[in-house]
Amino acid sequence: MADIHYMTQEGLDKLKKDLAEALAQRPVISAAIAEAREKGDLSENAEYDAARDAQGLLEVKIAKLKDLVANAKVIDESQIGTDKVQMMNKVKFQNLTLNTVMEYTIVGETEADFANGKLAVTTPIARALLGHSKGETVEAKVPSGIMKLKILDITL
């Protein structure tokens, strides 16, 4: 059974766009293979090998994108509250271990962008925060050890 991939409508739209672009590359790569094949001996044809490798990588990408789109579950953002941390919440918390304040929006794995404040729901920090309320202190098991986090605010 395939895993369900939770995401926003924006995230699903981006995946569909990426899939359409990948599908549009199929004829381009097929043409490159045909052109390389016309050049003769395939056993020593680097262009042919490169085109076949590109085709293989593209097919893997297409299969992955099709799976993500087929198993996507769009989150109804109107149903998201701020009483307990859940996906799509922006969570401001104090890292008591490092004495720093951080703020991230918890998103589906395919939408994660750490540099832009989007933390994947599958990360140890997000998993530790999920289901907890403002004012609570939680522990996240991260590669460097245990990190204590105090939830300062939960918003949309």
TODO: Taking the side chain as every heavy atom from C-beta outward, state whether Val138 and Phe93 have any atom pair closer than 4.5 Å.
DONE: no
Task: Taking every non-hydrogen atom, the tightest pair across Ile75 and Ile80 - done: CG2-CD1, 3.7 Å
Task: Main-chain N/O of Lys118 paired with Thr105 side-chain donor or acceptor, under 3.5 Å - done: no
Task: Interatomic spacing from CG in Asp53 to CD1 in Ile33 - rounded to 0.5 Å - done: 9.5 Å
Open item on the list: I need the minimum non-hydrogen distance between His132 and Ile151, along with the two atoms involved.
Closed with: CB-CD1, 3.5 Å
Task: Close side-chain approach of Leu149 to Leu96, heavy-atom, < 4.5 Å - done: no
Task: Main-chain N/O of Gly81 paired with Gln86 side-chain donor or acceptor, under 3.5 Å - done: yes
Open item on the list: Nearest 0.5 angstrom please: Thr155 OG1 to Lys92 NZ, how far?
Closed with: 9.5 Å
Task: side chain to side chain contact (heavy atoms under 4.5 Å, CB included) between Lys134 and Asp153, intermediate numbers included - done: CA-CA 6 Å; Lys134 183 177 175 178; Asp153 200 12; 4.0 Å; yes
Task: Value rounded to 0.5 Å, distance of CE in Met102 from CG in Leu119 - done: 10.0 Å
Open item on the list: Under a plain distance cut-off of 3.5 Å, with no hydrogens placed, do Gln94 and Thr100 share a side-chain donor-acceptor pair?
Closed with: no
- [ ] Might you work through the side chain to side chain contact (heavy atoms under 4.5 Å, CB included) test for Val101 and Leu152, ending with a clear yes or no?
- [x] CA-CA 9 Å; Val101 174; Leu152 304 175; 4.0 Å; yes
TODO: Could you tell me whether the side chain of Ile154 reaches within less than 4.5 Å of the side chain of Lys84, counting heavy atoms only?
DONE: no
Open item on the list: Main chain of Asp83, side chain of Ser133: is a donor-acceptor contact present, judged purely on distance under 3.5 Å?
Closed with: yes
Task: Thr97 versus Asn95, closest heavy-atom pair with distance - done: N-OD1, 2.9 Å
- [ ] Is it possible for you to say whether Ile125 and Phe114 belong to one hydrophobic cluster, with membership spreading through side-chain heavy-atom contacts below 4.5 Å?
- [x] yes
Open item on the list: Contact between Glu103 and Lys90 at the side-chain level, heavy atoms closer than 4.5 Å - yes or no?
Closed with: yes
Open item on the list: Quick one about Asn71 and Asp67 (side-chain donor to acceptor, distance below 3.5 Å, no hydrogens or angles considered), yes or no?
Closed with: yes
Task: Gap between atom OG1 of Thr110 and atom NZ of Lys64 - 0.5 Å precision - done: 9.0 Å
Could you pull out all donor-acceptor pairs under 3.5 Å where a side-chain atom in residues 20-31 meets a protein atom, sequence neighbours excluded?
residue	atom	partner	partner atom	Å
Glu21	OE2	Lys17	NZ	3.2
Arg26	NE	Glu59	OE2	2.9
Arg26	NH2	Glu59	OE1	2.8
Ser30	OG	Arg26	O	3.1

TODO: Given side chain to side chain contact (heavy atoms under 4.5 Å, CB included), test Tyr6 with Val121 step by step and report yes or no.
DONE: CA-CA 9 Å; Tyr6 294 96; Val121 69; over 6 Å; no
Open item on the list: Using the rule that Ile, Leu, Val, Met, Phe, Trp and Tyr join whenever any side-chain heavy atoms are under 4.5 Å apart, tell me whether Val142 and Leu98 fall into a single cluster.
Closed with: no
TODO: Treating Ile, Leu, Val, Met, Phe, Trp and Tyr as nodes and any side-chain heavy-atom pair under 4.5 angstrom as an edge, say whether Met88 and Leu156 lie in one connected cluster.
DONE: yes
- [ ] Spell out, as yes or no, whether a donor-acceptor pair under 3.5 Å connects the side chain of Glu111 to the backbone of Thr8.
- [x] yes
Task: Closest approach of Ala126 to Ala120 (non-hydrogen atoms, all atoms of both residues) - done: CB-O, 3.3 Å
- [ ] Kindly work out whether a path of hydrophobic side-chain contacts (I/L/V/M/F/W/Y, heavy atoms less than 4.5 Å apart) joins Met7 to Val69.
- [x] yes
TODO: Would you name the heavy atoms of Met87 and Val107 that are closest together and state the gap between them?
DONE: CE-C, 3.7 Å
Open item on the list: Under the criterion side chain to side chain contact (heavy atoms under 4.5 Å, CB included), I'd like the reasoning laid out for Lys14 against Asp18: C-alpha separation, chi angles, the key distance, then a yes or no.
Closed with: CA-CA 6 Å; Lys14 183 183 180 315; Asp18 291 349; 3.0 Å; yes
Open item on the list: For a quick test of reading the model, state the closest non-hydrogen atom pair linking Ala140 to Pro124 and the distance between them.
Closed with: CB-O, 3.8 Å
Open item on the list: I'd like to know if the side chain of Asn89 reaches the main chain of Val91, judged simply by a donor and an acceptor atom lying under 3.5 Å from each other, with no hydrogens or angles considered.
Closed with: no
